[in-house]
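Proteins come first, then strands; the chains are lettered A, B, ... in the order of their sequence lines, and each starts at number 1.
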Amino acid sequence: MDLQHFAKQIRYYTLKELNHLGFGHYGGSLSLVETLAVLYGAEMNASPAKRTDPDRDYFVLSKGHAGPALYATLFLKGYFDEDFLYSLNQNGTNLPSHPDCNKTPGVDMTTGSLGQGISAATGIAKGNKILGKSNYTFAVVGDGELNEGQCWEAFQFAAHHQLDHLVVLIDDNKKQLDGYTSEISEPFDFVEKMTAFGFNSWRIPGNDIEAIQAAIQKAKSLSGKPVAIVLDTIKGYGVPYVAEMKDNHHIRPNAQGVQALKDAVTTLGHELGLGGNE
Amino acid sequence: MKEMEMRQVYAQTILELSRKDQRVVALEADLSSSMSTNQLKEEMKDRYINVGIMEAEQVGAAAGLAVTGFIPFIHTFAPFASRRVFDQVFISLGYAQKHAIIVGSDAGVTAEMNGGTHMPFEDVALMRAIPKNHVYDVSDPYEFKAVLEHCYQAPGLHYIRTIRKQATSLYDAQTNFSEGVITVREGTDTTIFATGIMVAEALAAAEILEEQGISVKVIDAFRVKPLNAAAVVQAAKMGPIVTAENHNVIGGLGSAVAEITAEQYPTKLARIGVKEQFGQVGKADYLMEVYQLTCQDIVDAVKRVLN
């Protein structure tokens, strides 16, 4: 699969999905697109046919507010159709802001209350280890989410149980809802912290597909410790209007913003040969 | 088994279930020595997990284990199994619809010397507020074992509160626990609904009242949610009702009974339980006097509702 193309598709449909609703978590969804492209496009053993296969790889979006990007990815993988994608947050929907394993095909665990998804991911990885399986659990946490103490409980558990088939991806997009993470609660050096917590950890350019793929392949080659890849990302990546906005966690665009977001879809659509109309 | 401490009942039942079903896992948070579950490690091996003093992770990891098909039994002291991890239980287990069993030990005043920080008078209230959660407050070793076995088989979330040590012996291996209530004494004037250690107090109160010419029915309402509404309505049709619980009167058994009678068959009702107070250190019998949980308090309440 052409992962650059797949990432562009995910970004295109994430924008269309959010634009259809008119507001939502643009910033943290867009920073994660390349990671989702690598996982679902190449590195993760997951598909609609394997939805309930216990040997599949598991994915937990602990930063659940990036659900729209995950949903665009799942749609492109064939878990559900395009109409389903545009039901995001509509009354009675099966596609809520934050992922729900009982509603949305392809979602392995309900998340959204920050810090809890990573704990569940350690339980999934531990469960598969008890069962003697060699499948992987991938969990995405946000840099802001790492404010939550529960994350650090989960990391202690993962390291103590030597969950080397758990890969934690830290979406270090430098911002949380109220502003820069460094101004709200200084995160210090995630690689040093994760290393101290007993992980194999390193930092990569987090919107660089080749770097992400190489890092995940490296993670699979390591054993004895869980892995934490710190993704150096840009919140709102790939859509200048969003990326350049200061407060881009949850966007309710004005008329000018609506046009900019439409234009972004059009541009991506042309690049993909899709037209890009709303 | 009637001589068995409740913690031994827990440990033995988990062991039995784990022998017949590889999906059973037991999670502790550094209180296994207190609950006698440290003995499980040797046999259950990696299906016994002591996470350390990390209750949030204990609940979260249990949810993840449930995702991979395991049936987690989660034990810690009741305040930590409820108020400390309320959102984790609510979201990762309840909202996510996982099959899991939470056991909170040291119910109410039986936390004794651990005092107010460790003394749960609100766990039943919190757990009742979680949609589709099942809530039990057990009184007897056979009852505890039966409830554990039921929870293992029944999908969904279950919360069981218990004391750790010796409970009053009320039942035997033939007792049928399927209705969620057990009539432990027949009577005609009024009905006492009690749970946990308060069942014995209710029986003692009934003895005293009988000598005074008052006939009291006593029901062990160990399944607080869903409470057997038919049993409550039947009692309301007979006469006034008294509830007795080792718990805050807000949100627990007394509230549950009042909710049913108020909507379905209004009757006079008095609630014995902790009223607007925190826990404190003390022997259980002393604390029962302090919080007005004694059989004499129940006797007085019965007389109030009958007047």
Trainee: How far apart are the C-alpha atoms of L65(B) and I130(A), what are their side-chain angles, what is the distance that settles it, and do they pass the side chain to side chain contact (heavy atoms under 4.5 Å, CB included) test?
Mentor: CA-CA 10 Å; L65(B) 285 158; I130(A) 294 170; 4.2 Å; yes

Trainee: Using a distance-only test with no angle check, is there a side-chain donor-acceptor pair under 3.5 angstrom linking N128(A) and T68(B)?
Mentor: no

Trainee: Identify which part of K45(B) has an atom lying under 4.5 Å from any heavy atom of chain A, answering side chain, backbone, both or neither.
Mentor: neither

Trainee: Please report the closest heavy-atom contact between S119(A) and A56(B), naming both atoms and the distance.
Mentor: OG-O, 4.2 Å

Trainee: Check whether more than 12 heavy atoms from other residues, nucleotides or ligands sit under 6.0 Å from atom NZ of K220(A), and answer yes or no.
Mentor: yes

Trainee: Once you round to the nearest 0.5 Å, how far does OG of S113(A) lie from CG of D87(B)?
Mentor: 3.5 Å

Trainee: Check whether A154(A) gets within reach of chain B through its side chain, its backbone, both or neither, counting any heavy atom under 4.5 Å.
Mentor: both

Trainee: At what distance, to the nearest 0.5 angstrom, does CD of E55(B) lie from CD of E153(A)?
Mentor: 7.0 Å

Trainee: Assess whether atom CD1 of I53(B) is packed by more than 12 heavy atoms of other residues, nucleotides or ligands within 6.0 Å.
Mentor: no

Trainee: About how many Å separate CG of L131(A) and CD of Q22(B), when rounded to the nearest 0.5 Å?
Mentor: 9.5 Å

Trainee: How close do A61(B) and F157(A) get, heavy atom to heavy atom, and via which atoms?
Mentor: CB-CZ, 4.2 Å

Trainee: Given side chain to side chain contact (heavy atoms under 4.5 Å, CB included), test Q116(A) with V59(B) step by step and report yes or no.
Mentor: CA-CA 9 Å; Q116(A) 295 192 31; V59(B) 172; over 6 Å; no

Trainee: Check whether H161(A) gets within reach of chain B through its side chain, its backbone, both or neither, counting any heavy atom under 4.5 Å.
Mentor: side chain

Trainee: How about Y95(B) and N102(A): do any of their side-chain heavy atoms sit closer than 4.5 Å?
Mentor: no

Trainee: Indicate the atoms forming the closest heavy-atom contact of M109(A) with S92(B), along with that distance.
Mentor: CE-O, 3.5 Å

Trainee: More than 12 foreign heavy atoms under 6.0 Å from NE2 of H160(A): is that the case here?
Mentor: no

Trainee: If you draw a 6.0 Å radius around CZ in R203(A), do more than 12 non-hydrogen atoms from other residues or ligands fall strictly inside?
Mentor: yes

Trainee: Does a sphere of radius 6.0 Å around CD in E276(B) hold more than 12 heavy atoms from other residues, nucleotides or ligands, not counting ones at 6.0 Å or beyond?
Mentor: no

Trainee: Can you say whether L27(B) sits under 4.5 Å from chain A via the side chain, the backbone, both, or neither, judging by heavy atoms?
Mentor: neither

Trainee: Quiz question: by atom type and distance under 3.5 Å, do the side chains of E57(B) and Q150(A) form a donor-acceptor pair?
Mentor: no

Trainee: I need the Q97(B) CD to C101(A) SG distance, nearest 0.5 Å.
Mentor: 7.5 Å

